[in-house]
Every structure is written in C-alpha cells, then in structure tokens.
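Here's the structure, in structure tokens; my notes come after.
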Amino acid sequence: MAQRWFVVADGRGRVDWQYTGDGRRILHVLVCRSTPAGYLQRLRDLEVGYFVVGDERVDLREGLRSLGESGIKRVVADSGGTLNASLLRQGLVQYIDVVTLPGLVGGAGAPTMFDGPELTAARHRCGWSSSTSPPTATPSAPATGSAVEPQVSYSSPSQGA
C-alpha cells in the first residue's frame with residue numbers, strides 16, 4: 001500500500017505529538033515563522049516533516065502550494081468548522097462530500113461544519129454530495145488555480161463526534 005501523508009496546521013505549536021505515523025501514514029505539520037522554536041525542535045526530534053508557510057499564522061494557500069510541489073495532488077480536510085470555513089472562504093475547496101454518522105450534537109454553542117461569518121452560495125461555489133456512508137470514490141471538480149496547488153475536498157465523518 002502506498003504511503004499517505006496526514007497534514008496538520010499547527011502554527012502555535014500546541015499539539016504534543018504521540019503518534020507521528022505508522023509506515024503507511026506519515027505526519028507533516030504546517031507551521032509559520034512565529035511558531036515557537038521549541039516546538040519546531042520537537043518536530044525535528046520526532047523526525048516529523050514540517051512546512052513553514054506564513055508569518056504570524058499558517059498560510060493555507062501557501063501550505064497547499066508547498067504540498068503540491070511535494071507531489072500531493074489531493075487533500076481531504078477532515079477537520080472542525082474553523083479550518084473548514086477558512087479553506088472555503090479562501091476559495092481552496094473544490095468539492096464537499098458530507099458523510100452523516102449516527103451522532104447528535106445540539107445547543108446554541110454547538111460547532112458547525114463551517115464556523116464564522118455567514119457563507120453565501122454565490123461566493124463559495126464547489127461540488128456537493130451527501131451520503132449516510134463513506135463514498136467509494138470522490139468525484140472532483142475541474143482543477144483551477146496553480147498547477148501545483150492540490151485539489152481540496154472536505155469530508156466530515158467525525159463532525160460532532
């Protein structure tokens with residue numbers, strides 16, 4: 001089986017990594033120039049690759065470009081509403097595939113799939129599908145933007161879990 005990267009944006013250096021991969025999956029981290037030096041040293045000690053993208057915050061567009069230059073052609077964002085919304089608002093999502101699992105979360109403060117200011121369909125166009133079980137294949141929209149920028153799709157099997 002081919003190796004797969006899992007990539008995490010952690011510009012503040014808050015994640016204390018215990019799992020860094022298993023031979024099939026390899027961790028890489030998107031950091032920024034203001035990421036604490038001690039955290040970067042910890043990543044080096046753990047032999048975790050990282051990309052410095054952005055100054056004060058992780059620049060997601062620059063991060064995707066770096067991943068594309070490293071040969072990554074598709075990124076699946078399986079994350080919370082804040083990162084999902086950031087990717088969508090920056091026009092970095094080409095396809096949304098929502099997987100519904102049996103779990104309930106409710107209340108006024110419950111997280112959403114795309115947190116933050118209101119989204120408008122006209123501004124954030126992308127493909128869409130919805131299912132109650134994981135798809136066997138994810139269709140993609142035609143590629144746009146830089147040739148080295150990977151396609152981004154959003155999948156949320158863990159949302160609200």
Following the transitive rule for hydrophobic clusters with a side-chain heavy-atom cut-off under 4.5 Å over Ile, Leu, Val, Met, Phe, Trp and Tyr, establish whether [X] and [Y] coincide in one cluster.
| X | Y | value |
| --- | --- | --- |
| Ile26 | Val7 | yes |
| Phe51 | Val8 | no |
| Ile72 | Val29 | no |
| Val58 | Leu88 | yes |

- Task: Starting from the C-alpha separation in whole Å, work towards a yes-or-no answer on side-chain contact (heavy atoms from CB on, under 4.5 Å) for Leu67 and Val75.
- Result: CA-CA 9 Å; Leu67 292 171; Val75 173; 4.2 Å; yes
Output the distance between atom [atom1] ([X]) and atom [atom2] ([Y]), rounded to the nearest 0.5 Å.
| X | Y | atom1 | atom2 | result |
| --- | --- | --- | --- | --- |
| Leu43 | Thr20 | CG | OG1 | 10.0 Å |
| Leu30 | Leu64 | CG | CG | 7.5 Å |
| Leu92 | Ser86 | CG | OG | 9.5 Å |
| Arg57 | Cys32 | CZ | SG | 9.0 Å |
| Thr35 | Asp55 | OG1 | CG | 10.5 Å |

Could you tell me which non-hydrogen atom of [X] sits nearest to which non-hydrogen atom of [Y], and how far apart they are?
| X | Y | answer |
| --- | --- | --- |
| Arg25 | Asp22 | NH2-OD2, 2.5 Å |
| Leu87 | Ala77 | CD1-CB, 3.6 Å |
| Arg44 | Ala37 | NH2-O, 4.5 Å |

- Task: Go through the steps for Tyr39 and Arg12 under the test side-chain hydrogen bond (donor to acceptor under 3.5 Å, both in side chains), then give the verdict.
- Result: CA-CA 9 Å; Tyr39 180 73; Arg12 296 182 193 166; over 6 Å; no
- Verify, without hydrogens or angle tests, whether Arg42 (side chain) and Trp17 (backbone) share a donor-acceptor contact under 3.5 angstrom. yes
- Query: Is a side-chain donor or acceptor of Arg33 paired with a backbone partner of Gly54 at a separation under 3.5 angstrom?
  - Reply: yes
- Task: Run the ring-centre check on Phe6 versus Tyr19 and record whether the distance is less than 6.0 Å.
- Result: yes
- Task: Would you sort out whether Leu60 and Leu83 count as a side-chain contact (heavy atoms from CB on, under 4.5 Å), showing the intermediate values?
- Result: CA-CA 9 Å; Leu60 297 173; Leu83 181 59; 3.7 Å; yes
- Query: Does CD in Gln41 sit with more than 12 non-hydrogen atoms of other residues, nucleotides or ligands closer than 6.0 Å?
  - Reply: yes
